[in-house]
Structure formats: structure tokens, C-alpha cells
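Naming: A, B, ... by sequence-line order, numbering from 1 per chain.
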2 protein chains.
Amino acid sequence: MSATAERNQPTDAARQISDTLQLLQQHVPMQRRIVHAGDRLFQAGDRFTTLHVLNSGFFKIVNGSNDGREQVVGLNFKGDWLGFDGIALGRHGCDAVAIDTGEIWSFRYDDLLAACSREPRLMALFHAAMSREIGRDRDSMLALATLPADARVADFLRYWAHTLAERGLRNDCITLRLTRAEIGNYLGMTLESVSRALSRLARASVIRFPEKGRRDIQIPEVGALHAFIERCTATAAVVH
Amino acid sequence: MSATAERNQPTDAARQISDTLQLLQQHVPMQRRIVHAGDRLFQAGDRFTTLHVLNSGFFKIVNGSNDGREQVVGLNFKGDWLGFDGIALGRHGCDAVAIDTGEIWSFRYDDLLAACSREPRLMALFHAAMSREIGRDRDSMLALATLPADARVADFLRYWAHTLAERGLRNDCITLRLTRAEIGNYLGMTLESVSRALSRLARASVIRFPEKGRRDIQIPEVGALHAFIERCTATAAVVH
DNA sequence: CGCAAAGTTGAGCGTCCTCAAGCAGCGTGG
DNA sequence: CCACGCTGCTTGAGGACGCTCAACTTTGCG
């Protein structure tokens, strides 16, 4: 939680991302490719051989169960790594689906390891990326388990805005690449509940919609999202 | 998902665990220590320097938020690694608390890296452990977001039984080291709901309680838990 | 034996889901 | 150009699942 990650001045995260891209380019043979919304980078059951780093674009990670349930369990942005889940069993356990046009860098896992032994900084970045993923997943669980629906939506927006800010991008007006149904799936609620939550957030002036369309969301003040979330959890723990 | 992990014959997981313990012992300078229920291995904010592997006992991982919410986001068993979350930022983001007496092996992260460069098999096991953690967290999210309360409890028992079986231990009668409140916290529900869910599971003969005490839980047939979970999700998706 | 902590069970209620209707944006084709 | 259909989004009404509050039982420990 970097107190206030201002945009357009390199944050720790931004530096880490550019270092990663640079080191990969220098030391690991890889393939660059353009993907479009809907493209599947890999899916559950695929044999694991390669890792990927997102140079631009957005991905969603979908986890399925044998009885047909499935859920969006992760979102990926520029600089994020994809495919870690395959290392353990040699097969992927989830699908990675592009939700916008973007560029993906792919390289063999064993080539990465070879490069890491020559360039310890790359190893450090690799491990840090896996570690971050674990921390991120745990934060998702915390939100899923402890926040009421409205606060989960607010937390989702806060996370998205934070992620953009980290990368030096504008975050006062974000364009969601997900439908209400996908957001709902990610947050463990129905699309109607997402819609209602957004309406309430707008009514509370925490977010704002543009004149036309409700796909973009304006966030005048990220702090207001924090405040809203705390207000939700506070009412749950009233006097008593 | 190894089809049927029979106990008392070494599974993949069991072999991996013994390999890990053996390689660590041979190549990494480390400290062995006994911990007791309630002991804290590390907590959020602590500077990260060392990783840990559980040689015996049970741990819970507790994640907190700045506004006071906290949740059990992970459970650890023999052979599991602890501390991955600290690598990214150099500080831990959660607490690791022992929930039973056990033995923990601790070693410096940089010592591990040095050993890994000499012994690639250790590196592979290290990466596999992180990868497994990610996959496991995603399964937790899936359960939290898509299963009704009763099914979440059944899934929790299924996971616990499966984990014991993987390690070659009896899993037809498991002793929960967690209170109803802790289980509820882990599953995103109240302790009363956990209690009711267990009662319903017992009424449906999916589990059984011993004559005295309700801390132990007998699971005559693990498959029955699967069936129960599917029955729960099926009723949600009726004809239509 | 008595107290504290953990667990069970019931009654009432609130949040969120389900079902349904209507609206908005958008590409296609007459 | 507008009708048309499609997909995504919003909003309302009713109901169910799980939470809150409360009483009681059981277990464990000094």
C-alpha cells in the first residue's frame, strides 16, 4: 500500500515492470504476440511448458471445478505474469482469457530458469511476481469472505484504480473490460447485485457515470471508495 | 486431483514431501524448532528473511486489513512451506499461527537460493510449492464464491480429508484443530451456520460424530461429501 | 464443584438472489 | 433511414438463505 501512488511518476511497481520486461528481453528467448478479446492463452488441462508476461492488455483467469462451477479468480494487467499455476503439476489448472487487445510475451519455463541462474535479478523478479500473486489472492479471499456486496464492488473498483495508478496510468476514469456478469462472478454475487451496488455508489457520489453509457466509471476521489468500504463494515459492527 | 489417494502407500505428494525435507536437510543450513498451539511464526509487518517448512503439526494463515477485518486464508499441513508472501515486499502480509504442537524447519531465503543453484531439484520443489499455493488459493476462492454454506463446510471437510490422505494418514476420522468460529471465518460464514451445517451433514449421514464430543468428525465415505456438494449446487440450477 | 469456553438450536429479520419487465446501445438488413 | 434483434444493463417485487440475538447444553479446567 504505497500511500498515494501519483500517476506519471515511476512507482516501485512501474520500475519493477520495466526491469522485468527489459531483463526478459535481454536474457530469455521469447515469442511476442498480439491477442484479442476472447483469445485463450491456455486452459485447464493444457500441458505446462511456458510462462507469459503481459506487455499490454488485460486478462482474466477463470477457475473451474469438475462439477461445472466456474469463477473468475484473477485479473491481470501490464507487467503481470501468467501461468504460474502450471508449475506444480505440469498442467494448467485454469483458463487465461484476454479481455482486450494486448501484447503477450511468452517463453519456456526452463529457458527462464537457465536465464535466472545467469541473472539473479531476473530470479528475484520472478519470485516476487509469484509471491505477489499469493498475497493478491489472499486479499481477494478476505474481500469475498468479510465484505458485504456493496463494499465488494467498491473494493473491486479501488483495486482496479490502484493497479492503474501503480502503472502510471490515469485512474480517475476507468473503462471496465468486464460485463456486470463477469464482475459479479469475480465477486461472488449476481449481475443484478453488481448493478444495484454501482447505482448506490453513484447515488452516494463515490463514483460517477458519464452522460452516455455505463461502461466507463469516473472515480473523482479514490479515498471515497475507502471511506465507503469502512462505512459498510462499520454498520455491521454497531454499538452492541 | 489424484483419483483415489489411498493411505499408507506413498502418493506423489508424500514422495515430494519427503524429498523436500531430505534435500533441505542436506543443502540448507536451518533451524529446527518445536511450536505449540497459539505460537506465531511471523506476523503481518515483520521483516521477511526466512522461509519455513512444516515437518509436523498444523498452521493457520490469517490475513488482516487496515480497517480491522481479518480472515483465515489458509491452512498448512506437514510438508507445506510458509512465508512465501514476504518475498515480494520484503515484509510479511499475514500472520502464521500454530494450531497444534508441531515441528518447524526454518532457513534463510538467500541460503535457500544458494542451495537451489547447486541443487536444481530443490529449486523445482520450491517453485512447485509456490505454484501449488496459488492453485490452492484459487480453489478456495471458487468455493467461497460459488458454494452455499452447507456445501462449503462439506468441501472444507473433503479438502482436509484429502490432504491427510495425500500424506498417508488416516482420514476416516479427522480431528479438527479449529473451533467453529475459526472454520466459519475461513469459510466466510458464522459459527452458528457451521454448527447447523455439520448437524445437517450428520443428519444426511455424510459424516458422523463420536459418542462423546463433537470435535472429531468421522467420514465413512469421502465420496459422499462430493455427492453432497453436487446435490447442493444442483438444486440451485434446477429445471428452468 | 463451579466457572469459562465451545457448541447447539430456535425465532426473527435482513441481505442478497430469483424472476420478470423494460430500457439503452449497436450492428444488420430491408 | 428506421425497423429489427441482440446483448448488456437497470430496476422492482417476492422469497430464501444465512445472520443476529438469545437461551441452553456440553466440555474442559482450576
Exercise. Does the pair Arg33(A)/Glu103(A) count as a salt bridge with the N-to-O cut at 4.0 Å?
Worked result: no

Seminar exercise, completed: Rounded to 10°, the helix from dC1(C)-dG30(D) to dG30(C)-dC1(D) deviates from straight, judged by its five-pair end axes, by 30°

For this session: Send over the distance from Lys212(A) NZ to dC9(D) P, rounded to a whole Å.
Result: 16 Å

Exercise. Of all of residues 141-159 of chain B, which get a heavy atom below 4.0 angstrom from DNA chain C, listed by number?
Worked result: none

Exercise. Can you list the residues that meet the side chain to side chain contact (heavy atoms under 4.5 Å, CB included) rule with Ile17(A), with sequence neighbours excluded?
Worked result: Leu21(A), Lys78(A), Arg167(A)

For this session: For Gly188(B), report the nucleic acid contact type (base, sugar-phosphate, nothing); a contact means any heavy atom under 4.0 Å.
Result: sugar-phosphate

Problem set entry | Minimum side-chain heavy-atom gap Phe58(B)-Leu176(B) below 4.5 Å | no

Exercise. If you draw the axis of the six-membered ring of Phe42(A), does the NZ or CZ of Arg47(A) fall within 45° of it and under 6.0 Å from the ring centre?
Worked result: no

Exercise. Is the CZ atom of Arg208(B) crowded by more than 12 outside heavy atoms at less than 6.0 Å?
Worked result: no

Exercise. Is the Lys NZ or Arg CZ of Arg91(A) less than 6.0 Å from the centre of Phe48(A)'s six-membered ring, within 45° of the axis?
Worked result: no

For this session: Specify the closest pair of heavy atoms between Leu54(B) and Asn76(B), including all atoms of both residues, with the distance to one decimal.
Result: CD2-O, 3.6 Å

Can you give me every donor-acceptor pair (side chain of residues 148-156 of chain A, partner residue at least two apart or in another chain, under 3.5 Å) with its distance?
unit_1, atom_1, unit_2, atom_2, d
Asp150(A), OD1, Arg200(A), NH2, 3.1
Asp150(A), OD2, Arg200(A), NE, 2.7
Arg152(A), NE, Leu187(A), O, 2.7
Arg152(A), NH1, Leu147(A), O, 2.7
Arg152(A), NH2, Leu187(A), O, 3.3
Arg152(A), NH2, Gly188(A), O, 3.3
Asp155(A), OD1, Arg158(A), NE, 3.0
Asp155(A), OD1, Arg158(A), NH2, 3.0

For this session: Report, as a single string ordered 5' to 3', how protein heavy atoms within less than 4.0 Å touch nucleotides 4-10 of chain C: B base, S sugar-phosphate only, - not at all.
Result: ---SBBB

For this session: Check side chain to side chain contact (heavy atoms under 4.5 Å, CB included) between Asp67(A) and all other residues, then give those that pass, not counting sequence neighbours.
Result: Ser65(A), Arg69(A), Ile229(B), Glu230(B), Thr233(B)

Exercise. What's the verdict on side chain to side chain contact (heavy atoms under 4.5 Å, CB included) for Phe59(B) and Asp80(B), showing C-alpha distance, side-chain angles and the deciding distance?
Worked result: CA-CA 10 Å; Phe59(B) 269 75; Asp80(B) 287 348; over 6 Å; no

For this session: Please report, rounded to the nearest Å, how far the C1' atom of dA16(D) is from the CE atom of Met189(A).
Result: 18 Å

